Chemist: 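Take this structure, written in structure tokens, and hold onto it; I'll ask about it next.
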Amino acid sequence: MTVNQTNPRQLTRAAQPLIHCITNPISIHDCANIILAAGGRPIMAEHPAEVAEITRNSHALALNLGNITDARMKSMPESLKTAASLHIPVMLDLVGTACSNLRYEFAQKLMNIHMPELLKGNMSELLAMSGQTAHAIGIDAGVQDVLTDANRSHLKELFQEKTSQWNTTLLITGKEDMIVSANKCEFITNGTPAMSQITGTGCMLGMICATYLAVTDPFTAALSAAREFGTAGERAEKNSSGPGSFQTELFDQFYNLL
């Protein structure tokens with residue numbers, strides 16, 4: 001698909017790209033539905049014997065390390081090799097790489113096979129992948145790693161150096177998101193704490209990124225996804241009374257964004 005700087009949502013709805021997702025069962029249903037809400041078409045194949053074929057016919061590949069299994073650890077490298085050979089863009093969500101040596105080492109393996117066009121993770125996960133000390137609490141970022149005014153310049157410099165070294169774009173999520181490339185950096189404050197009260201919002205954001213990655217450049221894909229999903233969360237909170245209604249509203253608000 002042709003890279004275009006126009007509104008990614010409009011491009012996605014026109015192109016209806018097929019997004020191959022190898023993700024975790026905890027959020028797989030919501031991941032498929034958020035891709036549909038964005039205008040894409042999801043396919044959630046993970047069997048090692050078929051993933052290369054599925055990736056070959058897709059427009060973007062989304063890899064998520066949450067709840068990792070032996071089967072997915074076989075499937076992801078095969079899909080990644082196929083995507084690399086056909087120049088299909090890839091989003092890798094580094095779930096848990098700051099709390100699990102298994103996932104950290106596996107992520108390094110994937111990045112050595114082919115550097116994804118977009119790496120997504122929270123601050124602890126990206127610090128860990130950058131060789132820095134991280135303080136993750138499970139799959140959540142530790143309070144010591146939070147983006148602040150005091151460390152903003154240092155983190156921007158660190159991650160811009162890494163994106164230049166790795167030739168990729170980073171989406172670093174948190175109360176304030178960072179989108180970083182070798183020569184650009186944006187900070188996004190859209191969103192609400194209510195988004196952390198339901199499972200899978202981080203995974204869904206990654207899938208929106210992958211969907212937009214099929215029709216635009218990585219920086220624009222990440223920036224648009226973070227802004228839109230955060231805005232949808234803010235609007236959903238105003239129209240909900242708890243996590244159940246919030247989840248439903250989140251899908252509706254995201255789908256209805258202009």
Side-chain angles (χ1 to χ4, degrees), residues 1-66 69 71-95 110 113-120 168-169 171 200-226 228-229 232 250-251 254-257:
M1 291 198 173
T2 303
V3 171
N4 194 313
Q5 295 284 349
T6 311
N7 185 297
R9 176 70 69 91
Q10 295 174 346
L11 290 170
T12 300
R13 289 187 170 175
Q16 297 182 321
L18 181 66
I19 313 302
H20 182 195
C21 312
I22 305 180
T23 187
N24 64 81
I26 299 164
S27 62
I28 191 169
H29 177 266
D30 291 334
C31 286
N33 281 332
I34 205 69
I35 291 171
L36 289 169
R41 293 173 294 150
I43 185 165
M44 322 304 277
E46 65 173 49
H47 195 288
E50 71 172 359
V51 290
E53 180 182 12
I54 299 295
T55 298
R56 192 175 297 117
N57 293 299
S58 302
H59 301 108
L61 173 65
L63 305 177
N64 179 299
L65 302 186
T69 63
R72 271 179 265 132
M73 289 183 75
K74 292 180 181 178
S75 297
M76 288 185 185
E78 292 304 313
S79 281
L80 186 59
K81 291 172 187 175
T82 300
S85 69
L86 297 174
H87 306 290
I88 295 166
V90 181
M91 185 286 306
L92 173 60
D93 198 333
L94 299 161
V95 181
L110 293 174
I113 291 171
H114 170 69
M115 181 58 67
E117 282 70 18
L118 180 60
L119 295 176
K120 176 192 167 291
T168 191
T169 297
L171 169 55
T201 51
C203 300
M204 286 188 274
L205 175 57
M207 296 304 161
I208 300 167
C209 289
T211 304
Y212 290 167
L213 198 57
V215 297
T216 191
D217 64 277
F219 195 90
T220 301
L223 186 65
S224 298
E228 290 180 12
F229 200 48
L250 182 60
F251 278 101
F254 178 73
Y255 174 80
N256 288 311
L257 285 174

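Note that the structure is a prediction, hence the values are computed from the model and not measured. All values below were derived from every heavy atom in this structure, side-chain atoms included, with hydrogens, water molecules and symmetry-related copies excluded.
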Chemist: If every non-hydrogen atom of Arg9 is compared with every non-hydrogen atom of Leu257, which pair is closest and at what distance?
Modeler: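 For Arg9 and Leu257, the tightest heavy-atom pair comes out as NH1-O, 3.7 Å.
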
Chemist: Specify the closest pair of heavy atoms between Ala37 and Phe254, including all atoms of both residues, with the distance to one decimal.
Modeler: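 For Ala37 and Phe254, the tightest heavy-atom pair comes out as CB-CD2, 3.8 Å.
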
Chemist: Quick one, Leu110 and Leu65 - any side-chain contact, counting heavy atoms below 4.5 Å?
Modeler: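 Counting from C-beta outward, Leu110 and Leu65 do come under 4.5 Å.
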
Chemist: Can Lys81 and Glu78 be counted as an ion pair, charged N to O under 4.0 angstrom?
Modeler: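 Here Lys81 pairs with Glu78 in a salt bridge, since their nearest N and O are under 4.0 Å apart.
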
Chemist: Contact between Thr169 and Leu171 at the side-chain level, heavy atoms closer than 4.5 Å - yes or no?
Modeler: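 No. Closest side-chain heavy atoms not under 4.5 Å.
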
Chemist: When you measure from the side chain of Glu117 to the backbone of Val90, do you find a donor-acceptor pair of N or O atoms at a distance under 3.5 Å?
Modeler: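 Yes: the side chain of Glu117 pairs with the backbone of Val90.
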
Chemist: Distance to the ring centre below 6.0 angstrom and angle to the axis at most 45 degrees; does that hold for Arg13 and Tyr255?
Modeler: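 Yes - Arg13 lies over the ring of Tyr255, closer than 6.0 Å to its centre and within 45° of its axis.
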
Chemist: Got Leu61 and Thr82 here, is their nearest side-chain heavy-atom distance under 4.5 Å?
Modeler: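 Not in contact.
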
Chemist: Would you name the heavy atoms of Ala225 and Cys209 that are closest together and state the gap between them?
Modeler: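 Heavy-atom minimum between the residues: CB-SG, 3.7 Å.
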
Chemist: Which distance, rounded to the nearest 0.5 Å, do you find between the CD of Glu50 and the CD1 of Ile43?
Modeler: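 Separation between the atoms: 7.0 Å.
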
Chemist: So which atom in Cys203 and which in Cys31 form the shortest heavy-atom distance, rounded to 0.1 Å?
Modeler: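 That closest heavy-atom pairing would be CB-SG, 3.7 Å.
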
Chemist: For the backbone of Met76 and the side chain of Ser79, can you confirm whether one donor and one acceptor N or O come within less than 3.5 Å of each other?
Modeler: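 Such a contact is absent between Ser79 side chain and Met76 backbone.
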
Chemist: Using every non-hydrogen atom in the two residues, find where Pro48 and Lys74 come nearest and quote the distance to one decimal.
Modeler: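 It is CG-CB, 4.0 Å.
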
Chemist: Going by heavy atoms in the side chains, are Thr168 and Pro218 under 4.5 Å from each other?
Modeler: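 Thr168 vs Pro218: side chains apart.
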
Chemist: Tell me if a side-chain donor or acceptor on Thr12 pairs with a main-chain N or O of Gly40 at a distance below 3.5 Å.
Modeler: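 No: the side chain of Thr12 does not pair with the backbone of Gly40.
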
Chemist: Measuring from Ile88:CD1 to Leu213:CG, what's the distance to the nearest 0.5 Å?
Modeler: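 Reported value, rounded in 0.5 Å steps: 11.5 Å.
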
Chemist: With rounding to the nearest 0.5 angstrom, report the CE to CG distance, Met115 to Leu118.
Modeler: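 It comes to 11.5 Å.
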
Chemist: Could you give the side-chain donor-acceptor pairs of residues 18-26 under 3.5 Å, partners two or more places apart or in another chain?
Modeler:
| residue | atom | partner | partner atom | Å |
| --- | --- | --- | --- | --- |
| His20 | ND1 | Thr55 | OG1 | 2.8 |
| His20 | NE2 | Ala45 | O | 2.8 |
| Asn24 | OD1 | Ile26 | N | 3.1 |
| Asn24 | OD1 | Ser27 | N | 3.0 |
| Asn24 | OD1 | Ser27 | OG | 3.2 |
| Asn24 | ND2 | Asn64 | OD1 | 3.0 |

Chemist: I need the minimum non-hydrogen distance between Asp93 and Gly206, along with the two atoms involved.
Modeler: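 It is OD2-CA, 4.4 Å.
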
Chemist: Do Leu36 and Asn33 touch side chain to side chain, with heavy atoms closer than 4.5 Å?
Modeler: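 When only atoms from C-beta onward are counted, Asn33 and Leu36 do touch, with a gap below 4.5 Å.
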
Chemist: Who pairs with Glu46 by side-chain hydrogen bond (donor to acceptor under 3.5 Å, both in side chains), at least two apart in sequence or on another chain?
Modeler: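 Checked Glu46 against side-chain hydrogen bond (donor to acceptor under 3.5 Å, both in side chains); matches are Arg72.
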
Chemist: Can you tell me how far CD1 of Ile208 sits from NZ of Lys120, rounded to the nearest 0.5 angstrom?
Modeler: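 Answer rounded to 0.5 Å: 10.0 Å.
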
Chemist: Measure from the side-chain N and O atoms of Thr216 to the backbone N and O of Tyr212, and report whether any donor-acceptor pair falls under 3.5 Å.
Modeler: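 A pair under 3.5 Å: no.
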
Chemist: Rounded to the nearest 0.5 Å, how far apart are CG of Leu205 and CZ of Phe229?
Modeler: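 So the gap between those two atoms works out to 6.5 Å.
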
Chemist: If I take atom CE from residue Met44 and atom CD1 from residue Ile35, how far apart are they, to the nearest 0.5 angstrom?
Modeler: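 That separation rounds to 5.5 Å.
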
